[in-house]
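The structure appears right after this line, and notes come after that.
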Amino acid sequence: MASPPPSPALCEDYRRLHELCPVLNLRVLGPTEPGPSAADGWYCGAQLASDERAMAAALAGEEARIAAEHGRAPRPHVTASRLLHHYLWSACLLIAGPWHLGWRVPRIDPADLWLHAPTGDLALRPREHVGLPALPGAHSTLPGEDELRAELRAAVVAHVEPLLAAFAGPTRRRERALWGMVTDDLASALWYLGRMIGEEDAAVAAAEAVLPGGTLPLPGAADFRRLRTPDGRSHPTRTRLGCCLYYAVKPEAMACITCPRTSDEERLQRL
């Protein structure tokens with residue numbers, strides 16, 4: 001049976017995401033448009049999860065991009081961790097973005113999200129979603145906000161689970177650490193979107209509602225807190241469950257401001 005075409009509302013969500021999020025290099029495919037080709041360096045999530053050649057090509061592309069930007073190739077597990085972080089953060093934004101913008105949770109099959117190995121760009125074929133309230137073209141409707149948050153977590157878990165198994169070896173991370181990356185990237189994606197639309201506090205609250213803790217396999221909570229700078233301004237921050245290894249791409253790179261390695265004193269200085 002053919003999959004239903006995406007609803008106009010969902011397509012509008014992705015148009016807005018593309019406009020709002022300058023780091024999201026995304027091509028949205030129509031329901032009958034052919035998918036990108038591996039011959040051109042495109043690999044879908046299902047291929048990355050199951051095809052060693054696709055994984056090797058994607059890792060080689062990530063290594064080349066890091067070397068071009070930072071002057072040297074990183075260690076293999078750093079390359080793999082950076083590539084997985086890029087994929088997870090992007091997938092979380094593509095699933096959580098429509099939820100935050102319009103109470104729609106897309107169901108994205110790993111076969112419908114492609115990564116371009118040479119550039120890191122993405123292509124997506126949206127198909128269906130769960131929505132609140134009922135919208136024309138929606139697959140189904142759930143009765144309340146808590147149920148939709150649970151659907152959001154379930155959609156993220158279903159999409160990334162096969163990728164985590166494939167990346168476990170290259171990243172040298174165990175299961176809990178990998179799911180910690182998912183938790184971090186889901187919280188980060190919502191936080192980033194909130195900053196882009198000028199609603200940071202609302203996005204922080206949304207992330208905390210989606211990730212209250214105790215929602216396995218996601219092992220932790222969004223757990224934001226606030227730091228106050230000498231000018232009296234209050235800034236939200238959180239500590240990642242695990243390190244994304246950005247600091248490891250070159251010796252003089254600083255750790256991320258939410259890294260477990262970064263103290264609150266240093267965060268205040270950098271703010």
Listed by chain and number, what are the salt bridge (Lys or Arg N to Asp or Glu O under 4.0 Å) partners of R65, not counting sequence neighbours?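 So R65 forms a salt bridge (Lys or Arg N to Asp or Glu O under 4.0 Å) with E62.
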
Please, which pairs that meet ring pair (Phe, Tyr, Trp, His ring centres under 6.0 Å) have at least one residue in residues 32-54, sequence neighbours excluded?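 Pairs touching residues 32-54 that pass the test: W42-H116.
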
Would a hydrophobic clustering, with Ile, Leu, Val, Met, Phe, Trp and Tyr connected at side-chain separations under 4.5 Å, put [X] with [Y]?
X    : Y    : result
V160 : L241 : no
V157 : L94  : yes
V204 : M196 : no
F224 : L227 : no
L218 : F167 : yes

Apply the hydrophobic cluster definition, ILVMFWY joined by side-chain contacts under 4.5 Å directly or through others, and give me every member besides L216.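 Members besides L216: none; it forms no cluster.
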
So for atom CZ, which belongs to R176, do other residues, nucleotides or ligands contribute more than 12 heavy atoms lying within a distance under 6.0 Å?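 12 or below, so no.
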
Between E33 and R27, does at least one N-O distance fall below 4.0 Å, as a salt bridge requires?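 Yes, charged N to carboxylate O under 4.0 Å.
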
Determine, for D264 against R225, whether the closest basic-nitrogen to carboxylate-oxygen distance falls under 4.0 angstrom.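 Salt bridge: yes.
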
Does the side chain of R267 come under 3.5 Å of the side chain of T262 through a donor N or O and an acceptor N or O?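 R267 vs T262: no donor-acceptor pair found between side chains.
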
Can you list the residues that meet the side chain to side chain donor-acceptor pair (under 3.5 Å) rule with [X], with sequence neighbours excluded?
X    : answer
S234 : R226
W89  : S188
E266 : R270

Please confirm whether Y87 and H159 have ring centers closer than 6.0 angstrom.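 Centroid distance Y87-H159: below 6.0 Å, so yes.
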
pair H18-R15: side-chain heavy atoms closer than 4.5 Å: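 Not touching, per the 4.5 Å side-chain cut-off.
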
CA sep, side-chain torsions, deciding dist, call: T239, R261, side-chain hydrogen bond (donor to acceptor under 3.5 Å, both in side chains): CA-CA 9 Å; T239 297; R261 295 167 173 261; over 6 Å; no

